[in-house]
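Letters A, B, ... mirror the listed sequences (proteins, then strands); counts begin at 1.
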Number of protein chains: 2
Amino acid sequence: MARNLQDHILQTASALFYSQGIKATGVDAIVKAAGTTKMSLYKYFPSKDDLVLAHLSKSRDAMLNRILAGVELRASEPKQTLLAVFAVFDELLSSPEFRGCPFINASAEFAEASNPVQLAAAEFSDTFREILADLARQAGAQDPESLSQQLSMLISGAIVSEQMRRQSGAMLTAAAAASILIEQSLSRAEPA
Amino acid sequence: MARNLQDHILQTASALFYSQGIKATGVDAIVKAAGTTKMSLYKYFPSKDDLVLAHLSKSRDAMLNRILAGVELRASEPKQTLLAVFAVFDELLSSPEFRGCPFINASAEFAEASNPVQLAAAEFSDTFREILADLARQAGAQDPESLSQQLSMLISGAIVSEQMRRQSGAMLTAAAAASILIEQSLSRAEPA
DNA sequence: TTGCAACTATACAGACCGGTATGTATTATT
DNA sequence: AATAATACATACCGGTCTGTATAGTTGCAA
C-alpha cells in the first residue's frame with residue numbers, strides 16, 4: 001500500500017487534517033491511524049507544524065494537477081475551457097468526503113497573518129488565480145486580471161456555500177454566473 | 001464601560017474569538033482579558049461551548065443589523081439597493097481588525113456537520129441569502145433565488161480572498177461582477 | 001552469523017486545556 | 001446590624017497536547 005513510511009504517514013495525516021481539521025487532529029490520532037509510532041513520525045517530520053506544511057504542499061500539488069488535467073481533458077473553445085474549471089470543482093463538491101477547501105479552512109484555523117500556514121494558503125490562492133488569468137488571457141478576455149479574480153471568488157464562494165449546506169448545487173449556479181461574466185468580457189474585448 | 005459583567009465577558013470573548021480563532025482562545029485568556037475570574041465566567045456561561053454560541057449569536061445580530069442599516073441608508077433604485085450590500089461589506093473589509101467572516105471561520109474550525117457551531121453558521125448563511133433574495137425580488141429580478149445565491153457567493157469569495165491577501169480590492173471587483181449579473185437578471189425579467 | 005538500520009513499544013516530561021472547590025471581600029437590601 | 005447577592009482569589013482536578021527518552025524487535029545484507 002504505502003511504498004515508504006514517510007509517504008504513508010503524510011497521506012494518513014493529510015486525510016485526517018482535511019476531514020477533521022488540523023487543530024482537532026492530534027499526533028496520537030495520526031500515529032494510531034497510520035499504524036505506526038510517534039518515534040517514526042517525528043523521525044520524518046520534526047514537528048507537527050512540518051507535517052501540516054507537508055500536508056498543505058501535498059494538497060496544493062494534488063489540487064493544481066487535478067485542475068490542469070480537468071482543463072486539458074475538456075479543452076475546446078476558450079470559453080468552455082474556463083468553464084471546465086467549474087466542472088472540475090463541481091466534481092470535487094459532489095464527493096461525500098468533501099469538507100471545503102483545505103486552504104480556506106487552514107487559513108481560518110491559523111489566524112496570525114505571519115503564520116506559515118497563512119502564507120501557504122495565500123500562495124495557493126495566488127497560483128490558482130494566475131492559472132485562471134492565463135486561461136482568460138488565452139480566451140481573449142478584455143480584462144483577464146479582473147475576470148480571473150471574479151471567477152476565483154465565485155468558486156471560493158461556492159465552496160463555502162456547499163460546505164455549509166450540502167447538495168445546494170452551488171457550483172452550477174456559480175458556473176452560470178461565470179458564463180455571463182465570461183461572455184461579457186469576451187464581447188467587450190472584440191475590436192469594432 | 002460594561003453595564004453588566006455578562007455582557008462584558010461576552011464582548012471580550014467575542015473579540016478574542018474573532019481575532020485569534022475560537023479553538024486558539026482559551027478560557028484563561030478570556031478571563032484575563034476581561035479582568036474577571038473563571039468562576040464568574042462559568043456562572044453566566046455554563047461551558048465554553050455556550051460562550052461560543054453566544055458569540056456567534058451576537059455576531060449574527062451585529063452583522064444583520066449592519067447590513068440592513070447600510071441598505072436602508074443607501075437605498076435608492078432597486079439595483080443600487082443590491083449593490084449597497086457590497087458597499088457595506090467593502091467597509092468591513094477595509095477595517096484593520098478584519099479577519100474574515102466569523103461564520104466561515106467557525107465552520108472551518110468545527111468540522112463535524114452536526115456541531116451546533118456548524119448549524120449556527122449555516123443558519124446565518126441562509127438568512128443572509130434570504131435577505132438578498134428579498135432585495136432581488138423587489139428589484140424585479142428574473143430568478144431571485146439564483147441571483148441571490150450568486151451575489152452571496154461573490155461576497156463570500158471576496159471575503160476569503162481579502163482574508164488571504166489584504167488590500168486586494170476584492171469587494172470592489174466582486175461588486176463589478178454583481179453589477180453585470182444584476183443587469184442581466186433585470187433585463188431578462190422585463191416583459192416584451 | 002554477525003551487524004546495522006529501520007521500525008516498534010512504551011513510558012514519560014512539561015505545558016495547557018476546560019472545569020471545579022473552597023473561601024473571602026464588597027455591596028445592596030431589609 | 002443581619003442577610004443575600006455578586007464578584008474575586010487561588011488552588012486544584014483529570015485529561016490531552018506536543019515532543020522525547022529508553023529499550024526491544026525485525027529484516028536484510030555482507
Side-chain angles (χ1 to χ4, degrees), chain A residues 1-57 105-106 108-112 114-118 120, chain B residues 1-57 105-106 108-112 114-118 120:
Chain A
M1 172 147 310
R3 264 214 38 263
N4 63 61
L5 186 57
Q6 181 167 13
D7 285 353
H8 176 60
I9 290 173
L10 176 52
Q11 191 158 331
T12 305
S14 209
L16 290 176
F17 285 156
Y18 179 63
S19 64
Q20 309 182 353
I22 294 172
K23 291 195 175 175
T25 302
V27 173
D28 283 321
I30 297 168
V31 163
K32 194 173 180 183
T36 181
T37 62
K38 274 196 194 182
M39 283 314 291
S40 296
L41 186 151
Y42 278 100
K43 175 182 179 185
Y44 295 112
F45 304 96
S47 74
K48 185 186 175 182
D49 287 345
D50 290 280
L51 186 51
V52 170
L53 291 178
H55 151 65
L56 290 178
S57 177
N105 292 347
E109 283 202 71
F110 297 83
E112 311 136 280
S114 62
N115 191 297
V117 170
Q118 280 286 341
Chain B
M1 171 149 311
R3 263 213 38 263
N4 64 60
L5 185 57
Q6 180 166 14
D7 285 352
H8 175 60
I9 290 172
L10 177 53
Q11 191 157 329
T12 305
S14 210
L16 289 176
F17 285 155
Y18 179 63
S19 65
Q20 310 183 352
I22 294 172
K23 291 194 173 173
T25 302
V27 174
D28 284 320
I30 297 168
V31 163
K32 194 172 181 183
T36 180
T37 62
K38 274 197 192 182
M39 283 315 292
S40 297
L41 185 151
Y42 277 100
K43 176 180 179 184
Y44 295 111
F45 304 97
S47 73
K48 184 186 176 182
D49 287 346
D50 290 279
L51 185 52
V52 169
L53 291 178
H55 150 65
L56 289 178
S57 178
N105 292 347
E109 283 202 72
F110 297 84
E112 310 136 281
S114 62
N115 192 297
V117 170
Q118 279 286 342

Check whether any side-chain nitrogen or oxygen of A/K43 sits under 4.0 Å from OP1 or OP2 of C/dC7, and answer yes or no.
yes
Spacing of A/M39 atom CE relative to C/dA9 atom P, expressed in whole Å:
14 Å
Has A/S40 got a side-chain N or O lying under 4.0 Å from the OP1 or OP2 atom of C/dC7?
no
Distance, rounded to the nearest Å, where A/L51 contributes CG and D/dC17 contributes P:
15 Å
I would like to know whether A/L51 and A/V27 meet side chain to side chain contact (heavy atoms under 4.5 Å, CB included); could you show each step before the answer?
CA-CA 10 Å; A/L51 186 51; A/V27 173; over 6 Å; no
Once you round it to whole Å, what is the distance between C1' of D/dC12 and CG of B/D28?
13 Å
Would you find more than 12 non-hydrogen atoms of other residues, nucleotides or ligands less than 6.0 Å from B/Q11 atom CD?
no
Please step through side chain to side chain contact (heavy atoms under 4.5 Å, CB included) for the pair B/L10 and B/Y44, ending with a clear verdict.
CA-CA 9 Å; B/L10 177 53; B/Y44 295 111; over 6 Å; no
Please give, in whole Å, the distance from D/dT16 P to B/K23 NZ?
15 Å
Look at the side chain of A/Q20 and the backbone N and O of B/A111, then say whether any donor-acceptor pair between them is shorter than 3.5 Å.
no
A/L5 CG to D/dG27 C1', in whole Å, measures 15 Å
Spacing between B/I22 atom CD1 and C/dG18 atom C1', to the nearest angstrom
15 Å
Which of C/dG18, D/dC8, C/dC7 is nearest the side chain of B/T36? It is D/dC8
Please pick, from D/dC8, C/dC17, C/dC7, the nucleotide with the shortest atom-to-atom distance to any side-chain atom of A/Y44.
C/dC7
Atom-pair distance (NE2 on B/H8; C1' on D/dC8), nearest Å
14 Å
Between CG of B/D50 and P of C/dG18 the distance, given in whole Å, is 14 Å
If you check the A/Y42 side chain, which of C/dT8, D/dT18, C/dT20 turns out closest?
D/dT18
Is the backbone of A/E109 close enough, under 3.5 Å, to the side chain of A/K23 for a donor and an acceptor to pair up by distance?
yes
Please determine whether any donor N or O and acceptor N or O are separated by less than 3.5 Å between the side chain of A/K38 and the base of D/dG19.
yes
